[in-house]
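All heavy atoms count here, side chains included; hydrogens, waters and symmetry mates do not. We count ligands from 1, going down the list as the structure has it; atoms in each ligand are counted the same way.
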Amino acid sequence: MSVRIGIIGVGVMGADHARTLVSHVPGAELKAIHDASIDRARAIAAETGAGVADDAHAIVRDPAIDAVVVASPDATHRDLTLACLAARKPVLCEKPLAPTAAEARTVIETEIAIGRRLVTTGYMRRFDPAYVEMKTRAADGAFGAPLMFHCVHRNVSAPAWFDGRMAISNSAVHEFDIARWLLADEPATIAVSRPTAGNGAVGAPLFLVMDTAAGRLVTIEVHVNAGYGYDVRGELVCERGTLSLRAPAATEANLALAGGVAYPRDWRPRFADAYRLQLQDFVRSVDAEHPSRGASAFDGLMATVTAEAALAALANGKRTALAPPQTPSLYRD
Ligand code: ISE
């Protein structure tokens, strides 16, 4: 029996999920898709063989659909995830779970009331082989305790619909999530600076410094208009050594008196393995015997709580303390 999937939103990420589902996820059937643009929905349907639904809620309600992927705009994530919970359908919701912590909290409250974890938040880096190897090697003891984690997050350019807050609420959230997962530690305070040189336009670089509850430091550069390529870096500094993510490509080219790696234009090639492994895990988790290994709704809430503190720190120029919620028992492993 295959798992029948519906996808809501087939823009950049939803279309990528649709293609990955039909080509790389055995046991999954892409049953229907919906998009606010009917032309876009039809184009992806023609490519993948999915049906087209003219309403997002028709996908959620359809008894012939077992699980839902939500990849619509950020502001719609919470309500669609709640609709999936009301229908008791497993849902992979793209990050962020909600634009505000108050909205994200309603998702975990609903899930707790149901008493079963149905939500996976699309923090796919938890499946990226490089981060997984970093976490595994850091745990073997040879490196000693992790002390600092340096992150760099650069995009070629911010999309036109990016507003001044989204470098934090839509981009830096990946770093907040991967730092929590890698260090198994919670954020305690956060400060945000930015260079005063340059034009200060939306999407100018930001530099964030977090202390964690266990006394570690996390530094994050977010530059959504870096111009040259999609470039994500990470270096974990431990007591006796460091672990760094390697270059963005598997090959290095030498040609015409020059050598180096090519950068992808966006995150899809860099994290293709992570997206595929996340979808495979999600489809497997539809069977309650195999709980999702992805980020939970609580992890989604935590990334958004951290983003809110970072936005406050950016606005008032002060180091801001976080009051992370206690982990409810449903979310303790
Ligand atoms: C985008 O939505 C993503 O999720 C990418 O992974 C991230 O690098 C980018 O900054 C976000 O806008």
Only pairs under 3.5 Å count here: list side-chain donor-acceptor contacts from residues 164-174, not counting sequence neighbours, and write none if there are none.
{"residue": "Asn170", "atom": "OD1", "partner": "Lys95", "partner atom": "NZ", "Å": "3.3"}
{"residue": "Asn170", "atom": "ND2", "partner": "Asp74", "partner atom": "OD2", "Å": "2.7"}

Contact residues of ligand 1 (heavy atom under 4.0 Å), by chain and number: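 Residues Lys95, His153, Asn155, Phe162, Asn170, Ser171, His174, Tyr230, Trp267 each place a heavy atom under 4.0 Å from ligand 1, listed by chain and number.
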Is it the case that atom CD in Glu133 sees more than 12 heavy atoms from other parts of the structure closer than 6.0 Å?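 It does not: Glu133 CD has 12 such atoms or fewer within range.
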For Arg240, does the CZ atom have more than 12 heavy-atom neighbours from other residues, nucleotides or ligands under 6.0 Å away?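 For Arg240, atom CZ is crowded (more than 12 foreign heavy atoms under 6.0 Å).
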Determine which pairs satisfy salt bridge (Lys or Arg N to Asp or Glu O under 4.0 Å) with at least one residue from residues 210-224, sequence neighbours left out, and list them in order.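 Every pair satisfying salt bridge (Lys or Arg N to Asp or Glu O under 4.0 Å) with a residue in residues 210-224: Arg154-Glu221, Asp185-Arg216, Asp211-Arg319.
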Side-chain heavy-atom pair Phe298, Pro328 within 4.5 angstrom cut-off: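 Phe298 reaches Pro328 side chain to side chain.
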In chain order, what residues pass the side-chain contact (heavy atoms from CB on, under 4.5 Å) check against Glu308, with sequence neighbours excluded?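 Listed in chain order: Thr100, Ala101.
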